[in-house]
Structures are given as C-alpha cells and as structure tokens.
Amino acid sequence: MVSFAKTGMAASPEVIESSRELQDRFNRGKYIERAERGEFVCCLKDVGAERVEGNLTSKRSYLVGYIHSETRVHIFTVHFFMDREGNVGASGQYDPKCMSSRLGVWS
C-alpha cells in the first residue's frame with residue numbers, strides 16, 4: 001500500500017493506493033525526461049553491490065533522489081539497476097519510490 005503524508009499545503013490530498021498507480025503517475029509526468037532536460041538534478045542516495053546472475057551481464061542497484069534545479073526541493077526518488085555498459089537493467093524502467101508535489105508526498 002502506498003501512503004500519502006499530508007504537508008499541510010493541500011485542502012484535499014489525493015491518495016495513491018498502489019505501487020502501480022505511483023508508477024503510472026511517474027510515467028505520465030515524464031519525470032526522467034524532465035530531468036534529462038535539466039528541470040531536476042540528481043543526488044545519489046545508495047549504491048548496491050555488483051551482482052552477476054548466471055550468464056547475464058553484471059549489474060548494480062542504485063537509489064537516486066532528484067531535486068528541483070532552482071528551488072532545491074525534493075521531487076522524486078527512483079530505484080534502478082544499471083549494467084556495466086550504462087543501460088538501465090531488469091525491466092528497463094525506473095521504479096519510483098517517492099514523489100513530492102505541492103499536494104504532498106507519495107511513497
């Protein structure tokens with residue numbers, strides 16, 4: 001279950017009920033594309049140990065937070081795997097773990 005922490009800025013906060021709904025909101029908002037255009041900047045939160053699974057290319061787990069490039073307010077945090085060639089591994093998608101807006105924080 002995904003929870004909503006009210007920040008006091010919204011009169012009627014939205015509630016996100018599932019990780020799928022969080023993923024859909026993340027995809028619709030084009031957060032990675034916006035980060036690539038410079039709207040958000042990232043800061044590394046955690047790097048996991050390198051893993052090798054069978055004959056697959058080794059990969060490393062990353063947890064990365066993004067802040068607004070001007071206001072420095074946290075916008076979202078994502079988890080992903082990256083292989084040695086720099087490709088996003090596993091599903092090929094970023095997995096949002098937390099998103100913020102003026103309405104509140106979803107995690």
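No hydrogens, no waters, no symmetry mates; every other heavy atom, side chains included, goes into these values.
Under the 4.5 Å side-chain heavy-atom criterion for Ile, Leu, Val, Met, Phe, Trp and Tyr, Val78 and Tyr62 are members of the same hydrophobic cluster. Leu63 and Phe81 sit in two unconnected hydrophobic clusters of ILVMFWY residues. Membership requires side-chain heavy atoms under 4.5 Å apart, directly or through other members. Clustering ILVMFWY residues whenever any of their side-chain heavy atoms sit less than 4.5 angstrom apart, transitively, puts Ile67 in a cluster other than the one holding Leu44. Under a hydrophobic-cluster definition in which Ile, Leu, Val, Met, Phe, Trp and Tyr are linked whenever side-chain heavy atoms come within less than 4.5 Å, directly or via other members, Val73 and Ile32 are assigned to different clusters.
Within 6.0 Å of CD on Glu33 lie more than 12 heavy atoms contributed by other residues, nucleotides or ligands.
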Quiz prompt | Worked check of side chain to side chain contact (heavy atoms under 4.5 Å, CB included) between Thr77 and Tyr66 | solution = CA-CA 6 Å; Thr77 299; Tyr66 286 80; over 6 Å; no

Exercise. For Ile75 and Met99, run side chain to side chain contact (heavy atoms under 4.5 Å, CB included): C-alpha distance rounded to whole Å, both residues' side-chain angles, the deciding distance at 0.1 Å, then the answer.
Key: CA-CA 6 Å; Ile75 303 298; Met99 292 173 53; over 6 Å; no

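Here the side chain of Arg60 pairs no donor or acceptor atom with the backbone of Met82 at under 3.5 angstrom. Side chain of Arg34 to backbone of Phe40: no donor-acceptor contact under 3.5 angstrom is found.
Partners of Phe26 under the ring pair (Phe, Tyr, Trp, His ring centres under 6.0 Å) rule, at least two apart in sequence or in another chain, are Tyr31, Phe76. Taking the ring pair (Phe, Tyr, Trp, His ring centres under 6.0 Å) definition, one finds that His68 meets it with nothing, sequence neighbours left out. Among residues two or more places apart in sequence or in another chain, the side chain to side chain contact (heavy atoms under 4.5 Å, CB included) test is passed with Ser69 by Val41.
Distance NZ/Lys30 to CD/Glu36: 11.5 Å, rounded to 0.5 Å. Atom-to-atom distance recorded for Asn27:CG and Gln93:CD is 6.0 Å, nearest 0.5 angstrom.
Nearest heavy atoms, Pro96 versus Gln23: CD-OE1, 3.0 Å.
Residues Cys98 and His74 have side chains in contact (heavy-atom distance under 4.5 Å, counting atoms from C-beta outward).
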